[in-house]
Amino acid sequence: MAAKVLTITSGKGGVGKTTTTANLAVSLARDGKKVVCIDGDIGLRNLDVVLGLENRIVYDLVDVIEGRCRLRQAMIRDKRLPELYLIPAAQTRDKNAVSPSDMVRLTDDLRAEFDWVIIDSPAGIERGFRNAIAPADMAVVVTNPEVSAVRDADRIIGLIEAEEKGPARLIINRVNPAMVRRGEMLSAEDVIELLAIELIGIIPEDESVVISTNKGQPVALDGKSRAGEAYHNIARRLNGEKVPFLNLDEKEGLFQKLARMIKPGGN
Amino acid sequence: MVMEKKPAINIKGVRDGLLITVGEGEWRDLEAALLQMIEERAAFLEGARVALDVGNHILRAVDLGKLRDRFSEKSITLWATLSNSPVTEKNAQALGLATRIHTPRPERIIHALDTNLPGETAILVHRTVRSGFKISHNGHIVIIGDVNPGGEIFAGGSVVVWGRLKGMVHAGMDGDEKAVVCALEMEPMSLRIAGYTLNLPQRRGKPEPEMVYVQDGRVITEAWKTKVK
């Protein structure tokens, strides 16, 4: 097996990078892929919480890099999905404890055994981001339909291009179709028009995401909610399947239109 | 001036701050020279971000840690150590120091091309200028693509944007009042020509191709179609 290294990033904080990482990892694992996710947010770890694995941490990423344990010892196996592993971040250190070359070495060790290595990038454009993007084969930018988030996404897309990891792909998170219809929220089309990169998913605003995050049960585990379904569709698109975009808005067919618009791009 | 033989220590500015290069010799002498230098040039170095290139020297973590601490006493941040020795590199990483300086540069400064029309050079940029990117040239700049909010264009001459102009533009930055700015959709965050600033009018209706220029000390915006005869 030769894993693909996928980095999830955004620039701005709080747009849903960690939630997206957790749900994509769960979705890919549900489809039978071998997945390992790495929490790149050293000092502010929370991917373990979202995945519900926090009380099983013994060793972390920094322990591996500084040679206090073997890679295998730091990998936490998810009991719900046997092909899903997590390498948690250290909580007591900061981003400077890891260098981009450390991350490249670490992922190279994982490539042989997995289908997907998913790295959850911290917010910002400093060391933490550089650590997360250095080993990436593919970068996914998560944004919200808000002007500030889109501005930061634009910056991060430029940086991904500069690091020669582009072109990045886009996930628009927390879209509220009713607000878009009333003209109170940027539409997915507005966001794509500005960012001009390939869209791989739109996640609707969904209360069950908050509930499941608090419980440590990612929504994609059962796939019953709208958001869970949307994440699962992204996972299938990452595996090269052609999946139509969810129709979040029956009345105006916005997403159908969008799906049509995107299709020639090879989704 | 009498030159006594001094260990070679060089400072130069790089994108991430300062790069201090240490030459060959006995490490203890070099270290002393380095510490003496930061003492002597404390005012210049205060607040600097420093990468240290130690060449072939093999340093222990304590050597590096000592340097980092002495630097920080002078308000200098030692953030990276470059070395040809894997041992030094490993020790630097253990201290949380970077071991390489980033090469990809988000900022692209494009230099003038040779041309047989003096004073009329132009560059063509065929890409989207995203937030945080700056394009600077002392001639004209032609962009095929959008200039997104947060992108910056500085030109000695005119600027033509074949796309949406939503970022910041300064045309005629050396004082050329004859410079113009054209865009298919003119919605800049800010726009200056020479010493003049455009007061952005509230857009009414759909954006259309426009040209902005200076006339009688005022910045004028004009729809492009009126120019077509």
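Below, chain A is the first sequence line, B the second, and so on; all start at residue 1.
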Between side-chain atoms of residues 142-165 of chain B and protein atoms elsewhere (two or more places apart, or another chain), which donor-acceptor pairs fall under 3.5 Å?
{"unit_1": "B:D146", "atom_1": "OD1", "unit_2": "B:R164", "atom_2": "N", "d": "2.9"}
{"unit_1": "B:D146", "atom_1": "OD2", "unit_2": "B:R164", "atom_2": "NE", "d": "3.3"}
{"unit_1": "B:D146", "atom_1": "OD2", "unit_2": "B:R164", "atom_2": "NH2", "d": "2.8"}
{"unit_1": "B:N148", "atom_1": "ND2", "unit_2": "A:D154", "atom_2": "OD1", "d": "2.8"}
{"unit_1": "B:N148", "atom_1": "ND2", "unit_2": "A:D154", "atom_2": "OD2", "d": "3.2"}
{"unit_1": "B:N148", "atom_1": "ND2", "unit_2": "A:L194", "atom_2": "O", "d": "3.2"}
{"unit_1": "B:S158", "atom_1": "OG", "unit_2": "B:V180", "atom_2": "N", "d": "2.9"}
{"unit_1": "B:R164", "atom_1": "NH1", "unit_2": "A:E193", "atom_2": "OE2", "d": "3.4"}
{"unit_1": "B:R164", "atom_1": "NH2", "unit_2": "A:E193", "atom_2": "O", "d": "3.0"}

Handout entry: Region of A:D152 in contact with chain B, defined by heavy-atom distances below 4.5 Å
Key =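 No part of A:D152 comes within 4.5 Å of chain B.
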Handout entry: Set of ring-ring contact (aromatic ring centres under 6.0 Å, His included) partners for B:H57, sequence neighbours left out
Key =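 Partners of B:H57 by the ring-ring contact (aromatic ring centres under 6.0 Å, His included) criterion, ordered by chain and then number, come out as B:W27.
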Handout entry: Ion pair check, B:D63 and B:R60, cut-off under 4.0 Å
Key =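 The answer is yes: the pair qualifies as a salt bridge.
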Exercise for the section: Could you tell me whether A:R93 and A:E66 have a side-chain N and a carboxylate O separated by less than 4.0 Å? Expected result: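 Yes, this pair counts.
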Less than 3.5 Å apart, which donor and acceptor atoms pair up between the side chains of residues 117-126 of chain A and the rest of the protein, not counting sequence neighbours?
{"unit_1": "A:D120", "atom_1": "OD1", "unit_2": "A:T21", "atom_2": "OG1", "d": "3.4"}
{"unit_1": "A:D120", "atom_1": "OD2", "unit_2": "A:T18", "atom_2": "OG1", "d": "2.8"}
{"unit_1": "A:S121", "atom_1": "OG", "unit_2": "A:T9", "atom_2": "OG1", "d": "3.2"}

Exercise for the section: Is it possible for you to check whether A:R72 lies under 6.0 Å from the centre of the six-membered ring of A:Y85, through NZ or CZ, and within 45° of that ring's axis? Expected result: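 Yes - A:R72 lies over the ring of A:Y85, closer than 6.0 Å to its centre and within 45° of its axis.
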Practice task
Can you check whether anything in residues 135-142 of chain A gets within less than 4.5 Å of chain B, heavy-atom wise, and list it by number?
Solution key: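 Residues of residues 135-142 of chain A touching chain B at under 4.5 Å: none.
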